[in-house]
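Residue numbers start from 1 in every chain, and the chains themselves are labelled A, B, ... in the order their sequence lines are given, proteins ahead of strands.
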Protein chains: 2
Amino acid sequence: MSSWQSEAEFLEHYDSRHYSGPLISVDVAIFTLHEAQLKVLLVQRGEFPCKGRWALPGGFINMGSDADLHATARRKLKDKTGVDAPLLEQVCSLGNDARDPRGWSVTVLYMALIPWAPAAEFMESVTDARWWPVQWIDELAMAFDHAALIEAARDRLKNKTAYTVLPVHVLKRPFTLTQLQNAFELLMDTQLEKKSFRRRILNAKILEEAGEAPPEGGRGRPAALYVPARGSEKHLFARVFGDTA
Amino acid sequence: MSSWQSEAEFLEHYDSRHYSGPLISVDVAIFTLHEAQLKVLLVQRGEFPCKGRWALPGGFINMGSDADLHATARRKLKDKTGVDAPLLEQVCSLGNDARDPRGWSVTVLYMALIPWAPAAEFMESVTDARWWPVQWIDELAMAFDHAALIEAARDRLKNKTAYTVLPVHVLKRPFTLTQLQNAFELLMDTQLEKKSFRRRILNAKILEEAGEAPPEGGRGRPAALYVPARGSEKHLFARVFGDTA
DNA sequence: ATTAATTAGTGGCTATAGGCCAATAATAGA
DNA sequence: TCTATTATTGGCCTATAGCCACTAATTAAT
């Protein structure tokens, strides 16, 4: 087994097909906001295993075309939504011998945030993709351990919202501070105090003014519009928000 | 391909050996504190590829004995150190077609923190394991992309130290507040203000008193000793520490 | 003994940022 | 003009970190 004299010689005789490891896949939890609810995009599986059940968009790595894991995740996202460069980040990996009936398998879980668009209009090819409110996941027949994956992504979302401006990614631009606060509240699943919220966001100088618009609901004082400033995605607050909750 | 009528029938005909995906491995960055330096445990590879180079302890999943990814990581850690239940957590996964000359490969990276012990005494079988100061990694001939993996784990360590009590895991118990502060400073790579540090830690009530001991260096006032209270590992500070740096 | 050196621990002030909640501003519709 | 509705601000309180000098307890040298 270790008779090779050089790495070149070793590689010449190495055949990756002799190796049989766990199945490995990449799944993406794509979140958005719609009708005052946090929703996740699910597809109904057309093949065994778990045929007919709801699953996160995902699948195997294409070793020919995917340069790295992130590229695989981006491809899965684009296949289902057409969206190309949204917020997309790795959450964690989960692997054991029970999550897939085919045997030991590992999934690398990503999460993505995009402004809402009708699932139907995304692609002709995907008629089975649908936005589901995250609260309803328990009621659905979910494939594999995807309910747990959504939970993991949901937790990450909640945590990061407390010290970043992650929620800007689920809003169409420009947006009002009220809309942004609603986004924060839905992603954190808690109420925030208006003055504190506005002070925090505005003092951080991570938004740029972008005109004015009628208020939510049509009635009332017009609201200032904002777009995220460059680099705002990387802003980290030194304190978490909504501490007393 | 999709002619099966039931999941049972599908699985009966499914042969995982037909599937050939990326190589998948688990690597563990094991950190400790010694001689006022943050050190990481590396082993010198005895086989191709990267024979002779320094690598993180790690390797393939044993699908027979490893129940899940965490178990694989724990096994790698125990093989090299004998330590069984330390702080061990997943950092991220990294996969592309360039990091291993054998082809597309994915690694799931974990990090572990343990109190220092001589690498030599860990195991008879492992004569090639050695603690290296993290600052020296650049000088070493590292295997694969393990320098980048250490960097990723190091970043996570630095970030989490700012809002948790992670550093307690690199200290033998009991410890003094001065020792704990030194651990924080080395993991964060920054100086902390003594009063602020002590106030923060003591107010959080995450330590229990455990007697008294001579000060560091033998001279000076004796120091109070502490051990972590139950549940302290889960304590999250609402503000990061060392903000002004 | 006294004193200097060394390490541990505290007092007390300032500044920042969030919680709270009531007041003011700007609009639409009756 | 008046009311409802949404947006935005004022002002005070509190919690916690930064700062830095001071006190406390011990060892080693004189």
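- For the segment residues 199-210 of chain B, residues with any heavy atom less than 4.0 angstrom from an atom of DNA chain D are, sorted by number, B:Arg199, B:Arg200.
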field: Residues B:Ile30, B:Val83; criterion side-chain contact (heavy atoms from CB on, under 4.5 Å); working and verdict
entry: CA-CA 11 Å; B:Ile30 307 167; B:Val83 175; over 6 Å; no
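- Looking at the side chain of B:Arg198, the nearest of the listed nucleotides D:dC20, D:dA7, C:dT10 is C:dT10.
- Taken residue by residue, residues 229-240 of chain A places heavy atoms nearer than 4.0 Å to DNA chain C at A:Arg239.
- Spacing between atom NZ of A:Lys194 and atom C1' of C:dA23 amounts to 11 Å, rounded to whole angstrom units.
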Practice item. Assess whether side-chain contact (heavy atoms from CB on, under 4.5 Å) is satisfied between A:Arg130 and A:Leu42, documenting all intermediate values. Key: CA-CA 5 Å; A:Arg130 177 161 174 191; A:Leu42 300 180; 6.0 Å; no
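- The backbone N or O of B:Lys39 lies less than 3.5 Å from no partner atom in the side chain of B:Trp136, so there is not a single donor-acceptor pair.
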Could you list the donor-acceptor pairs under 3.5 angstrom formed between side-chain atoms of residues 224-241 of chain A and any protein atom two or more places apart in sequence or on another chain?
unit_1	atom_1	unit_2	atom_2	d
A:Ser232	OG	A:Ala229	O	3.0

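- The aromatic rings of A:Tyr110 and A:His70 sit perpendicular, their planes meeting at an angle over 60°, well past the 30° parallel limit.
- If you take CD of A:Gln191 and P of C:dG18, they are 18 Å apart, rounded to a whole angstrom.
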Exercise. So B:Phe144 and B:Leu149, side-chain contact (heavy atoms from CB on, under 4.5 Å) or not? Walk me through it.
Worked result: CA-CA 10 Å; B:Phe144 309 108; B:Leu149 296 185; over 6 Å; no
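- Between A:His169 and A:Phe31, the ring center distance fails the sub-6.0 Å criterion.
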Its contact letters, B for base, S for sugar-phosphate only and - for none at protein heavy atoms under 4.0 Å, make nucleotides 23-30 of chain D read -BBBS---
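- Residue B:Phe197 contributes atom CZ, which lies 14 Å from atom C1' of D:dA17 at whole-angstrom precision.
- The base of C:dG11 is paired with the side chain of B:Lys195 by a donor and an acceptor separated by under 3.5 Å.
- Rounded to an integer number of Å, the gap from CE of B:Met188 to C1' of D:dA17 is 13 Å.
- With hydrogens and angles disregarded, a donor-acceptor distance shorter than 3.5 Å links the side chain of B:Glu185 to the backbone of B:Leu192.
- Side chain of B:Trp54 to main chain of B:Ile137: no donor-acceptor pair is present (N/O by atom type, distance under 3.5 Å, no hydrogens or angles).
- If you check residues 166-186 of chain B against DNA chain C, the residues with a heavy atom closer than 4.0 Å are B:Thr178, listed by number.
- Set against C:dG9, D:dA17, C:dG18, the side chain of A:Ser196 has C:dG18 as its closest nucleotide.
- For the atom pair B:Arg156 CZ and B:Leu166 CG, the distance stands at 10.0 Å (nearest 0.5 Å).
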Check: Step by step, would you call B:Thr32 with B:Leu113 a side-chain contact (heavy atoms from CB on, under 4.5 Å)?
Finding: CA-CA 6 Å; B:Thr32 197; B:Leu113 297 180; over 6 Å; no
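- A heavy-atom distance below 4.5 Å is not found between the side chains of B:Thr178 and B:Gln181.
- Residue pairs meeting the side chain to side chain donor-acceptor pair (under 3.5 Å) criterion with at least one partner in residues 199-211 of chain A, sequence neighbours excluded, do not occur; the list is empty.
- Atoms CD (B:Glu193) and C1' (C:dT14) sit 13 Å apart, rounded to a whole Å.
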